[in-house]
Amino acid sequence: MTVTPGEPHTSRDADVRNAYAADASGLVLVPDAVARPASAADVSALLAEATASRTPVTPAGAQTSTTAASITDRGVLLSLRAMTRVIDIDVTARTVRCEPGVLVGDLKRACAAQGLLLPLDPTSEEECTVGGAVACNASGARSLRYGATRPHVRALRVALADGTVTELRRTALEKNTVGYQLAHDPVDWFVGSEGTLGVVVEAELALLPMPHAVVGLAVPFAAEQDALRFVVAARDSATLSPRCLEFFDVRALAIARGAEEGGRWAEGAQAMVYTEESPRGDAEPALDDWLALAESHGAMIDDVRVFEGEGPLREARRLRHAVPAHMNERGNARRPFGGRKVSTDWAVPYAALSRALQRARAFADEAGIEQAVSYGHAGNGHPHQNFIAHDGDELARIQAVVERTLREVIALGGTVAAEHGIGKIKQKWLALQMTPLQVGVMRAVKRELDPHGLLAPGNVL
Ligand SMILES: Cc1cc2nc3c(=O)[nH]c(=O)nc-3n(C[C@H](O)[C@H](O)[C@H](O)COP(=O)(O)OP(=O)(O)OC[C@H]3O[C@@H](n4cnc5c(N)ncnc54)[C@H](O)[C@@H]3O)c2cc1C
């Protein structure tokens with residue numbers, strides 16, 4: 001490799017390269033060089049030079065990717081972490097414009113200080129960047145109400161593979177019959193493109209008014225099936241306004257309990273549903289309706305817990321986050337033995353979740369592996385299953401179970417990756433879900449935007 005892109009922002013120092021060699025996937029890929037630009041102009045110059053010398057460039061935010069999308073052993077790792085300016089919060093237009101390296105949690109607080117809600121909601125918000133959230137179309141618990149990142153992206157400034165910087169703005173048109181729909185809104189090409197089509201150097205995001213009332217409810221159940229039926233009923237209800245519907249199986253519940261002092265809440269429960277009721281307009285939270293629905297679905301009604309106010313709601317979020325954090329620790333402890341955490345993010349239409357989980361568990365039993373900890377966004381039919389592979393042998397058996405589950409998920413009308421993208425490690429499953437024709441169209445878009453195949457090689461395609 002002869003390129004020295006973006007000097008003086010590029011380093012070939014081994015310590016620096018190693019510092020950017022891991023993300024949350026468990027893989028380690030050491031780049032040839034690390035570039036840490038301070039501005040869009042730096043990014044543009046670096047990409048122009050990389051194109052001239054045909055050097056691959058992989059953009060990276062905070063490297064919390066679970067799919068090895070933000071690491072590479074080919075060419076330059078382009079870290080956007082130094083570009084952290086919040087450029088403008090426009091309270092009247094309800095938009096925020098920022099550079100890609102701002103952490104989502106920091107941006108949410110900056111917007112909240114102006115009385116506005118940034119609806120992006122990955123659980124990893126305190127660790128991940130806006131650029132990463134845009135590039136992965138990140139979502140989370142509250143995406144049940146607000147949707148994933150995509151609908152909130154108003155405009156993007158993108159550096160293309162050859163270094164050209166272009167501003168893209170969503171159209172406000174409500175009717176449009178010009179050309180193919182997939183070309184109507186170029187902003188959509190880059191949201192969820194996992195660094196393969198361009199580098200986001202600025203993003204403008206839409207903001208919402210702060211909800212006037214939010215109440216969290218943790219509803220324990222003695223039977224998991226009742227909890228899952230409750231989720232479907234809550235989703236279908238005409239009177240309730242949940243902004244999230246999170247499910248914890250008995251194992252996930254035990255971890256969340258363990259993260260609390262005392263930790264003895266609802267001890268007989270086999271499952272729990274956490275919801276946040278947030279009525280639209282000026283209405284008051286429909287707590288009585290929630291309790292009636294819970295009771296009619298066999299909830300342990302005396303143990304229902306209410307989280308009201310900023311502190312308690314933050315605590316509920318902390319307990320939710322304790323589950324993946326705990327599983328990451330367990331997985332990391334098995335690395336010296338060839339094991340690790342294996343995490344799924346498949347989803348099915350929400351009414352099919354109970355069936356999908358039953359099948360997944362049956363496959364695990366048949367393979368003789370420890371059951372996964374299952375938790376997450378049941379309201380979207382989207383659980384996370386976290387397995388712990390104690391060694392390399394168990395890892396192979398878990399991966400076979402996951403693949404069998406994914407085939408079942410596709411048969412139920414689902415997706416192999418609802419949240420974390422495809423990256424490098426889920427690429428093998430792309431063909432389970434997409435036809436050769438769909439993959440061909442994606443390849444054509446990639447060729448058009450990145451003709452030399454230099455951006456984030458190995459991601460997605
Ligand atoms: C404990 C934990 C919990 C998580 N919870 C969630 C969750 O609830 N929801 C969810 O969606 N994800 C979750 N994730 C995954 C991850 O946090 C998200 O995908 C996040 O959006 C990635 O942001 P990042 O800044 O870390 O990006 P990185 O990991 O650095 O990069 C991710 C992808 O984005 C690309 N990229 C980064 N910045 C840019 C840019 N400026 N321009 C172009 N491409 C770019 C990279 O090339 C890569 O393909 C979780 C991860 C962990 C470890």
Side-chain angles (χ1 to χ4, degrees), residues 20 22-26 31 37 40 43 47 56-72 76-84 98-107 120-143 148-150 153 156-161 189-203 244 246 317 320-329 331-332 341 343 345 347 375-377 380 382 384 386 417-426 449-450 455-460:
Y20 289 85
D23 58 13
S25 66
V43 174
L47 289 172
V57 175
T58 297
Q63 296 188 294
T64 62
S65 168
T66 60
T67 64
S70 55
I71 51 175
T72 188
V76 177
L77 191 289
L78 173 64
S79 170
L80 282 311
R81 282 305 305 276
M83 293 175 61
T84 55
C98 69
E99 290 186 329
V102 184
L103 293 182
V104 171
D106 288 345
L107 192 62
L120 276 47
D121 199 44
T123 312
S124 50
E125 66 184 21
E126 297 302 340
E127 298 111 284
C128 78
T129 64
V130 169
V134 169
C136 293
N137 190 24
S139 58
R142 293 164 188 162
S143 305
T149 296
R150 185 182 300 281
V153 182
L156 290 177
R157 219 167 149 227
V158 179
L160 300 176
W189 301 343
F190 296 94
V191 180
S193 66
E194 301 188 37
T196 60
L197 301 181
V199 180
V200 174
V201 292
E202 266 178 42
C244 67
E246 296 284 294
R317 197 168 172 88
R320 160 71 174 76
H321 193 49
V323 180
H326 174 90
M327 294 305 284
N328 283 347
E329 271 175 38
N332 289 340
K341 171 178 136 175
S343 169
D345 70 322
Y375 63 97
H377 321 307
N380 290 122
H382 173 206
H384 292 293
N386 288 182
E419 198 168 77
H420 295 174
I422 288 288
K424 297 179 180 68
I425 63 178
K426 294 187 182 168
L449 288 166
D450 178 19
L455 289 177
N459 282 2
V460 188

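Computed from a predicted model, the values in this text were never measured in an experiment. Numbering of ligands and ligand atoms starts at 1, following listing order.
Every residue two or more places apart in sequence or in another chain that forms a side chain to side chain contact (heavy atoms under 4.5 Å, CB included) with Ala69 is listed here: Ser65, Thr67, Glu194, Asn459. Scanning for side-chain hydrogen bond (donor to acceptor under 3.5 Å, both in side chains) contacts around Ser139 gives Glu419, with sequence neighbours left out.
The aromatic rings of His384 and His420 lie parallel to each other, their planes meeting at an angle below 30°, with 60° marking the opposite boundary.
The protein heavy atom nearest to atom 25 (O) of ligand 1 is Thr129 OG1, 2.6 Å. Among protein heavy atoms, atom 36 (N) of ligand 1 sits closest to Ala135 CB, 3.5 Å. The protein non-hydrogen atom at the shortest distance from atom 12 (N) of ligand 1 is His420 CD2, 3.3 Å. Nearest protein heavy-atom neighbour of atom 42 (N) of ligand 1: Val200 N, 2.9 Å. Atom 26 (O) of ligand 1 has its closest protein heavy atom at Thr64 OG1, 2.6 Å. Looking from atom 2 (C) of ligand 1 to the surrounding protein, the closest heavy atom is Ser124 CB, 4.1 Å.
Taking only nitrogen or oxygen atoms, main chain and side chain alike, Asn328 does not reach within less than 3.5 Å of ligand 1. Below 3.5 Å of separation, one finds an N or O of Pro59 facing an N or O of ligand 1. Not one N or O of Thr66 is nearer than 3.5 Å to an N or O of ligand 1, by distance alone. Taking any N or O of His377, backbone or side chain, none lies under 3.5 Å from an N or O belonging to ligand 1. Polar contact with ligand 1: present for Gln63 (N/O pair, distance under 3.5 Å).
Residue Ser70 holds the heavy atom nearest to atom 31 (O) of ligand 1 of all those in Ser70, Gly421, Ala62. Distances from atom 33 (C) of ligand 1 to the heavy atoms of Ser65, Gly132, Cys136, Gly61 put Cys136 nearest. Of all the listed residues (Gly140, Ser139, Gly195, Ala138), Ser139 holds the heavy atom that lies closest to atom 9 (N) of ligand 1. Remark: among candidates Thr123, Asn459, Val201, the nearest residue to atom 8 (O) of ligand 1 is Thr123, based on non-hydrogen atoms.
When heavy-atom distances to ligand 1 are checked against a 4.0 Å cut-off, Glu127 has no atom that comes that close, whether in backbone or side chain. For Asp23, no heavy-atom contact with ligand 1 is shorter than 4.0 Å.
Taking 4.0 Å as the cut-off, Gly198 counts as a neighbour of ligand 1 on heavy-atom distance.
Note on Glu125 versus Arg317: salt bridge recorded, some NZ/NE/NH1/NH2 to OD/OE distance being below 4.0 Å.
Each of the atoms 41 (N) of ligand 1 lies under 4.0 Å from some heavy atom of Pro100. Set against the non-hydrogen atoms of Gly131, the atoms of ligand 1 under 4.0 Å away are 38 (N), 39 (C), 41 (N). Atom numbering of ligand 1 starts at 1 in the shown order; those under 4.0 Å from a heavy atom of Ala69 are 47 (O), 48 (C), 49 (O).
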